[in-house]
Amino acid sequence: MCVNSGFINSVASTILHLLIPKVHVTKTYLPDLQKYTELLRKVWNRNYVTNNGPLAIELEQRLAQYLGESHLAWMSNGTIALQIAIDSLNLTGSILTTPFTYVATANSILWQKCTPIFVDIEESGFSIDPKKLDNMIAPDTTGILAVHVYGYPCDVDALASYADLKGLKLIYDASHTFGCEYRGKALAGYGDLATLSFHATKVFHTIEGGGVVSHHKDLAEKIKLSTTHGHKFDDYSQVGTNGKNSELHAGVGLLNLEGFHNVVLGRKNIFDRYLKAFSHTDLFMLDPSSYRDFKYNYAYAPVLFSSEDELLKVVEELNQQNIYPRRYFYPALNTLPYLNPNSCPRAESVSKRMLCLPLYHDLELESVDTVISVVKKYVLCHA
Ligand SMILES: *Cc1c(COP(=O)(O)O)cnc(C)c1O
């Protein structure tokens, strides 16, 4: 009898593949189920599940306190937060923004019937380049929507002074920044408004959720009313949408906030292991300590390869080992088929070469070391 060893090997490797647990780019942190059940029992007893219930109010206050900000509206997701931010500042016409972000940033501009103008990213970083704004501004431009990509601060001084000079509103998509501090305050505290996402894939989450940070009482009220159809009981004062979030989500948020410190510590440990391993290679990894007066939340572990080819080889080999890093953010948004292409060479090049490595608080070090050794096989290492 002829034994086909190739066939047997491939069956064996398929079985192995099914048995090894998958490692994704992130893993949602879930609170203790017993504690959550206790919260749920109270919700059931009250029979009050949404419309700014007691847990939602408590969470909103705690989040504001955590950020050190007086006005934070907690809402149903980070995309409605962007839409409400754009709407509440009455932005029209065109908005200067970055092509290197999640698609929700540009989509929110379009959804609000404004036009995104894509400004390329910094030569040395990954956020919008303030020096390139003046080439791109149009007569109908009313605002800037910048993103603190991966939770690292934009050039906030240059953006604020350009916005002042031209009379533009400045919004930050601060979706990645919960837990980041810059020059003694929350990174989400910069700009006229900043939005947060508390989606399950984010470093702090309420399963689905988002927020808008603002700095004036009247604007804060307008934003809050926008989430509740524009009315409080029988008082109808403005147009609104439904951006409310539920007691069930608030409960998860309250418990996750208790565990947040440990989540960040666990992530830091893994992040530092990557950083050290890649320090003498051609791979570029942002180092939070290269920013002055900055505290990072370790939301992502992005690494920049010298070529897309290197990246694709690493992804292929990691996938064979059941490890699934993600290309955040690919493709560059200025190349989306439903938009008029204007070129942003740096963003297009970076988006092809950037890979986010697996990072979560209880990721096994064994998996981290597998990732490191596969990456090192394909990048140039120096002695
Ligand atoms: C996650 C994310 C959003 C959207 O948030 P959702 O809560 O998923 O709606 C917006 N912008 C950026 C940069 C994000 O990463």
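All values reported here derive from a predicted model rather than from experimental measurement. One-based numbering, in listed order, for ligands and for the atoms of each.
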**Message:** Y102 versus ligand 1: do any nitrogen or oxygen atoms come within less than 3.5 Å of each other?
**Reply:** no
**Request:** Run the salt-bridge test on E308 and K352 with the 4.0 Å N-O cut-off and return the result as yes or no.
**Result:** no
**Message:** Quick test of your reading of the model: are K132 and D129 salt-bridged, counting only N-O distances below 4.0 Å?
**Reply:** yes
**Asked** Counting both backbone and side chain atoms, is some N or O of K202 under 3.5 Å from an N or O of ligand 1?
**Response** yes
**Asked** When only distance counts, is Y300 in polar contact with ligand 1, meaning an N/O pair under 3.5 Å?
**Response** no
**Request:** Give the residue, atom name and distance (to 0.1 Å) of the protein heavy atom nearest atom 3 (C) of ligand 1.
**Result:** S175 OG, 3.7 Å
**Asked** Y190 ring centre to K185 NZ or CZ under 6.0 Å, with the angle to the axis within 45°?
**Response** yes
**Request:** Using distance alone, decide if ligand 1 has a nitrogen or oxygen within less than 3.5 Å of any nitrogen or oxygen in T101.
**Result:** no
**Request:** Please confirm whether E208 comes within less than 3.5 Å of ligand 1 when only nitrogen or oxygen atoms on both sides are compared.
**Result:** no
**Prompt:** Is L82 close to ligand 1, meaning an N/O of one under 3.5 Å from an N/O of the other?
**Reply:** no
**Prompt:** Any idea which atoms of ligand 1 are less than 4.0 Å away from a heavy-atom of G78?
**Reply:** 5 (O), 6 (P), 7 (O), 9 (O)
**Request:** Pull out every atom of ligand 1 sitting under 4.0 Å from any heavy atom of G209, numbered as shown with elements.
**Result:** 7 (O)
